[in-house]
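Here is the structure we will look at, set down as structure tokens.
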Amino acid sequence: MTLIVGASFQKTSSPIKFADVTKAAGINFVNASSAEKKYIVESMGGGVAMFDFDGDGRLDIYLLNSYSVEAALAKKPRPAAALYRNLGNGKFEEVAAKVGLADPGWAMGVSIADFDNDGDDDLYVTCFGANKLYRNSGGKFEDVTAKAGVGDARFSTGSAWGDYDRDGDLDLFVANYVEFSLDKLPQFGKGETCRFRNVEVQCGPRGLPGAGDMLYRNNGDGTFTDVSKQAKVEDSAGHYGLGVVWTDFDDDGWPDIFVANDATPNYAYRNNHDGTFTEMGLMLGVAVDENGVEQGSMGISVADYDRDGRLDLVVTNFAEQYNTIYRKNADGTFSDVTRSTKTAEAALPLVGWGVKFFDADHDGWPDLLVANGHVYPQIEGAFSGGQYPQRKLFYRNLRNGTFADLSNEVGEALTVRRASRGAAFGDYDEDGDVDVIVNELDGEPMLLRNETGSKSGNWLSLKLVGTKSNRNAVGARVAVKAGGLTQVDEVRAGDSYISHSDWRLHFGLGEAKVVDEISIRWPSGKTEKRSKVAVNQVLKIAKK
């Protein structure tokens with residue numbers, strides 16, 4: 001297959017295949033919560049991370065567990081989280097208790113960052129209740145929340161790391177959802193905001209106060225300072241924050257913040273380079289959909305899906321609202337192009353959560369996977385099309401600004417109905433393509449092994465390591481030129497839905513036999529280039 005920039009496929013048949021290898025890999029985790037989901041706090045968890053906790057070069061998997069109001073009131077033990085160590089032979093072993101990560105609290109989401117720049121990836125867990133920061137010391141974790149001062153005790157959901165002041169230390173943004181108390185529970189099904197299609201369901205988020213957000217500045221000594229108000233990102237309006245990602249909207253070398261808000265307009269905070277931000281969601285065109293309506297936004301992914309050199313957004317949303325693709329325009333604003341991309345119709349009945357643009361078949365163009373599942377078990381069979389567990393969506397990029405829904409063609413696993421939540425992406429089996437782990441409520445996760453291999457093209461993965469910049473190189477922007485195509489991406493710490501994916505940037509290269517040029521703008525502002533780079537390798541680049 002010849003890679004032709006801008007060309008579109010004449011047919012949608014694809015060599016892309018995903019297989020559910022959860023059991024074969026030795027993953028026996030069960031996400032346990034209330035079957036009825038009578039309270040909103042029981043529906044929003046399910047974060048997952050892919051990261052190398054022990055420094056052996058292989059991606060491990062951390063799965064957060066859920067809990068229930070009934071169990072909490074009865075003071076029953078929480079179901080344990082699980083850390084699966086990658087053994088390198090397609091198998092994993094569970095080690096959470098051994099390394100100190102089995103009980104992070106009533107957990108929601110997770111993000112990874114080497115916050116102290118010591119070479120080990122640390123771990124932050126958002127919770128209903130105090131969040132937790134775990135410092136990694138050679139594969140063992142210590143709870144340093146109190147010392148660090150990052151134990152936000154609200155109902156926290158998404159978290160992400162970025163060096164907003166460019167001092168070489170990663171700062172932390174935490175999105176909070178609603179005010180919720182076990183001492184004053186909302187009455188299930190009672191009230192206008194506790195019904196869906198005339199079915200009695202859990203209350204919220206509408207009708208509940210928003211919880212506000214948090215920005216912690218890294219002091220560089222193991223502690224953090226709450227700078228939310230002085231940075232003007234505290235969310236005084238009380239929107240319902242879920243997903244969050246740092247991305248450089250205006251390509252000025254300073255990281256900005258995007259927050260996906262449920263049932264309220266999204267936030268886009270522009271970095272003013274002076275420690276403050278300006279909220280520009282409506283001005284940039286990413287706060288609402290094309291009709292000016294706020295959506296129930298959850299997950300986020302950033303990528304240049306149309307290969308015009310500008311980074312675009314996809315945001316997953318509630319049922320009867322498509323997952324919104326915001327295309328970045330030449331003037332820096334964004335346009336809702338969901339319908340023209342032909343992704344809207346398949347998503348309308350579904351509730352979208354974990355999401356990522358990634359090149360599943362190495363043709364040089366990012367495809368799209370969305371994990372779905374409703375929040376109300378009560379709707380199952382209650383009306384035509386009422387489904388609580390739902391299938392996943394996979395769209396192949398047709399290179400002409402549109403996508404084809406191949407969900408029924410890329411593996412039976414995607415058609416299995418689940419109550420999916422967080423999803424993390426990375427090459428766990430080191431075969432060159434991107435795999436997926438999805439945390440599913442009410443049951444087992446799904447490890448989706450990408451079996452496409454090299455059928456469609458060559459590839460390159462980049463692992464960047466900062467020195468003057470933060471060690472994870474979060475915020476670095478990379479341009480890869482090969483086969484007449486230029487691909488642009490950033491290093492990010494936390495995305496999808498309350499989850500964290502592989503640090504390595506993955507680029508499909510089609511039939512290109514060599515990478516002509518790699519251009520890197522490091523978070524410090526320094527730039528460098530590499531020429532004539534071999535394909536089909538994981539290339540580690542450290543800024544000296």
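All figures in this text were calculated on a predicted structure; none of them were measured in a lab.
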- Go through Arg270 and Asp250 one step at a time and tell me if the salt bridge (Lys or Arg N to Asp or Glu O under 4.0 Å) criterion holds. CA-CA 8 Å; Arg270 185 190 65 192; Asp250 47 8; 5.1 Å; no

- Message: For Phe425 and Phe358, take the angle between the two ring planes, folded into 0 to 90°, and tell me which bin it lands in: parallel under 30, tilted 30 to 60, perpendicular over 60.
- Response: tilted

- Message: Check the orientation of Trp161 and Tyr124. Use parallel for under 30°, tilted for 30 to 60°, and perpendicular for over 60°.
- Response: perpendicular

Smallest separation among heavy atoms of [X] and [Y], with atom names:
X      : Y      : value
Gly296 : Asp262 : CA-OD1, 3.1 Å
Thr338 : Ile325 : OG1-N, 2.9 Å
Asn450 : Ala360 : ND2-O, 3.2 Å
Pro104 : Tyr62  : CG-OH, 3.6 Å
Pro205 : Ile40  : N-CD1, 3.6 Å

Supply the atom-to-atom distance [X] [atom1] to [Y] [atom2], rounded to the nearest 0.5 angstrom.
X      : Y      : atom1 : atom2 : result
His500 : Ile112 : NE2   : CD1   : 5.5 Å
Ser496 : Met298 : OG    : CE    : 11.5 Å
Ile520 : Leu464 : CD1   : CG    : 5.0 Å
Thr415 : Asn408 : OG1   : CG    : 6.5 Å
Asn470 : Leu170 : CG    : CG    : 4.0 Å
Leu64  : Ile498 : CG    : CD1   : 7.5 Å

I'd like to know if [X] and [Y] make a salt bridge, using a cut-off of under 4.0 Å between side-chain N and carboxylate O.
X      : Y      : result
Arg217 : Asp165 : yes
Asp235 : Arg154 : no
Asp248 : Arg521 : yes
Asp442 : Lys37  : yes
Glu179 : Lys184 : no

Side-chain donor or acceptor of [X] paired with backbone N/O of [Y] under 3.5 Å:
X      : Y      : answer
Gln487 : Lys481 : no
Glu490 : Thr247 : no
Thr22  : Leu447 : yes
Asn397 : Phe403 : no
Asn317 : Tyr322 : yes
Asn31  : Ser33  : no
Asn329 : Gly332 : no
Tyr269 : Ala231 : no
Lys356 : Val370 : no
Asp256 : Asn271 : yes

State, yes or no, whether a side-chain contact exists between [X] and [Y] at a heavy-atom distance under 4.5 Å.
X      : Y      : value
Leu485 : Arg307 : yes
Asp427 : His506 : no
Val150 : Val174 : no
Val69  : Ser34  : no
Ser501 : Met50  : no
Asn266 : Val259 : no
Tyr177 : Thr126 : no
Asp359 : Phe507 : no

- Task: In sequence, state the C-alpha distance, the side-chain angles, and the governing distance for Lys392 and Asp20, and then conclude on salt bridge (Lys or Arg N to Asp or Glu O under 4.0 Å).
- Result: CA-CA 13 Å; Lys392 297 172 177 61; Asp20 181 355; over 6 Å; no

- Partner of Arg327 under salt bridge (charged side-chain N to carboxylate O under 4.0 Å, His left out), picked from Asp304, Asp306, Asp312, is Asp306

- Residue among Glu380, Glu440, Glu412 satisfying salt bridge (charged side-chain N to carboxylate O under 4.0 Å, His left out) with Arg417: Glu380

- Message: My understanding is that only one of Ile300, Asn372, Leu393, Leu368 makes a side chain to side chain contact (heavy atoms under 4.5 Å, CB included) with Val355; could you say which?
- Response: Leu368

- Task: Check step by step if side chain to side chain contact (heavy atoms under 4.5 Å, CB included) holds for Phe196 and Val375.
- Result: CA-CA 11 Å; Phe196 179 76; Val375 294; over 6 Å; no

- Might you work through the side chain to side chain contact (heavy atoms under 4.5 Å, CB included) test for Val288 and Val293, ending with a clear yes or no? CA-CA 5 Å; Val288 294; Val293 177; 5.7 Å; no

- Message: The test is side chain to side chain contact (heavy atoms under 4.5 Å, CB included); show your working for Glu345 and Asp405 and say whether it passes.
- Response: CA-CA 10 Å; Glu345 185 175 353; Asp405 177 9; over 6 Å; no

- Item | Sole residue of Phe180, Phe155, Phe128 in ring pair (Phe, Tyr, Trp, His ring centres under 6.0 Å) with Trp106 | Phe128

- Item | Donor-acceptor side-chain pairing of Asn272 and Thr278 below 3.5 angstrom | yes

- Query: Should Asn131 and Ser156 be marked as a side-chain hydrogen bond (donor to acceptor under 3.5 Å, both in side chains) after you check the CA-CA gap, both sets of side-chain angles, and the distance that decides it?
  - Reply: CA-CA 7 Å; Asn131 300 336; Ser156 300; 3.0 Å; yes

- Message: Is it the case that the ring center of Phe18 lies less than 6.0 angstrom away from the ring center of Phe394?
- Response: yes

- Taking it one step at a time, do Asp336 and Arg339 satisfy salt bridge (Lys or Arg N to Asp or Glu O under 4.0 Å)? CA-CA 8 Å; Asp336 175 355; Arg339 294 192 183 278; over 6 Å; no

- Going through the checks in order, is the ring-ring contact (aromatic ring centres under 6.0 Å, His included) test met by His374 and Phe318? CA-CA 8 Å; His374 220 288; Phe318 197 68; 5.3 Å; yes

- Verdict with supporting geometry, Phe277 and Tyr267, side chain to side chain contact (heavy atoms under 4.5 Å, CB included): CA-CA 11 Å; Phe277 293 80; Tyr267 287 139; over 6 Å; no

